[in-house]
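In what follows, a single structure is set out as structure tokens and then discussed.
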Amino acid sequence: MRNFTSVHDIGDLNLALEKAMFVKEHPYADQEIGKNKTLLLIFFNSSLRTRLSTQKAGMNLGMNVIVLDINQGAWKLETERGVIMDGDKPEHILEAIPVMGSYCDIIGVRSFAQFEDKKDDYNEVILNQFIQHSGRPVFSMEAATRHPLQSFADLITIEEYKKKERPKVVLTWAPHPKALPQAVPNSFAEWMNATDYEFVITHPEGYELDEKFVGNAVIEYDKEKAYKGADFIYAKNWAAYQDPNYGKILSTDRSWTVDSEKMALTNNAYFMHCLPVRRNMIVSDEVIEGPQSIVIPEAANRVVSAQVVLKEILKDL
Ligand code: CP
């Protein structure tokens, strides 16, 4: 594997899941593969899980790990070409990227959608600049349109908990006070569409995602109908994707909050969320603390997904 930015880079999904189960059972079996190799993790945005789980995955593989928060201690980066740099950004990303590449063997990048220019966001301008100019393999730690390490961990978790071959998985929009990118729901949809699960997306009108990610999912605007018979409820907020409302909050309707009443409509479904989660906006205390909540094992599987991906990249260095 050279770069990892989406489900399309993981290859055969069943094989990837087998590799995940091996890594889970034998986390330290490949300590030699990363010896004297340096992993550089670049964060343009905050993180708890991605930061810790990816570091842990690198360490499990024997790697040295460097973490850089661009907005805390690094020079502010200009990202546009042609700009007269007489403002508050003393360094251009086109020098910074190859310099960073010269200090490491593999680079992970977190760079969220900015909601300033939909085209820039959906063209993954920052992530692609790293791929183009770093001279190193690059993997996404959540970019503008996808969060593939999260989705891979979600898939591993569903495989571990599912009670039938073809579970009904429901992605539900839920309210949030701030405008959030579509990366997690886009990516989750893309990975679910790569399985043969029954996959349903439910959201208020106006929150339709990019068709490219929705694929063959069933869109059900009636949330109670969507919940019926579900084996997994995956909650996430996202801001509007469709023009002219790109990046806007259209609703904070708390009837979409995942609560015990709606969970009672399901087939005793497990509750999933990528975290961090705002309680009693996205999900009630009862549901997230309840026996069907699997948010902690889901987060723990972030080490596994990152380790599988890093191992595949290391193999091809
Ligand atoms: N789920 C996830 O990516 O969490 P962080 O934003 O804390 O990394």
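Ligands are counted one by one from 1 in listed order, and the atoms in each one are counted from 1 as well. Keep in mind that the numbers below use all heavy atoms, side chains included, and drop hydrogens, waters and symmetry copies.
- Where the criterion is an N or O separation shorter than 3.5 Å, residue side chain and backbone included, S46 fails it with respect to ligand 1.
- The local environment of NZ in K162 is crowded, with over 12 non-hydrogen atoms from other residues, nucleotides or ligands closer than 6.0 Å.
- You'll find the side chain of Q292 stays beyond 4.5 Å of the side chain of Y161, heavy atoms only.
- With a 4.0 Å heavy-atom cut-off, ligand 1 is reached by the side chain of H147 but not by its N, CA, C or O.
- The pair K19-E312 counts as a salt bridge, with a side-chain nitrogen and a carboxylate oxygen less than 4.0 angstrom apart.
- Here L275 has backbone heavy atoms under 4.0 Å from ligand 1, and that is the only part of it that gets that close.
- Aromatic ring centres of Y246 and F115: separated by under 6.0 Å.
- Protein heavy atom nearest atom 4 (O) of ligand 1, with residue, atom name and distance: R49 NE, 2.9 Å.
- In the vicinity of C274, heavy-atom distances shorter than 4.0 Å reach the ligand 1 atoms 1 (N).
- Considering backbone and side-chain atoms together, R51 places no N or O closer than 3.5 Å to any N or O of ligand 1.
- In summary, the atoms of ligand 1 found under 4.0 Å from a heavy atom of R302, numbered by their order in the structure, are 1 (N), 2 (C), 3 (O).
- Residue E298 forms a side chain to side chain contact (heavy atoms under 4.5 Å, CB included) with just one option from I156, T157, I158, and that option is T157.
- Of the protein's non-hydrogen atoms, the one nearest atom 7 (O) of ligand 1 is L48 N, 2.7 Å.
- Nearest protein heavy-atom neighbour of atom 6 (O) of ligand 1: R110 NH1, 2.8 Å.
- With respect to K118 and D243, a salt bridge is recorded, a charged nitrogen being found less than 4.0 Å from a carboxylate O.
- The closest side-chain heavy-atom distance from M59 to Q307 is not below 4.5 Å.
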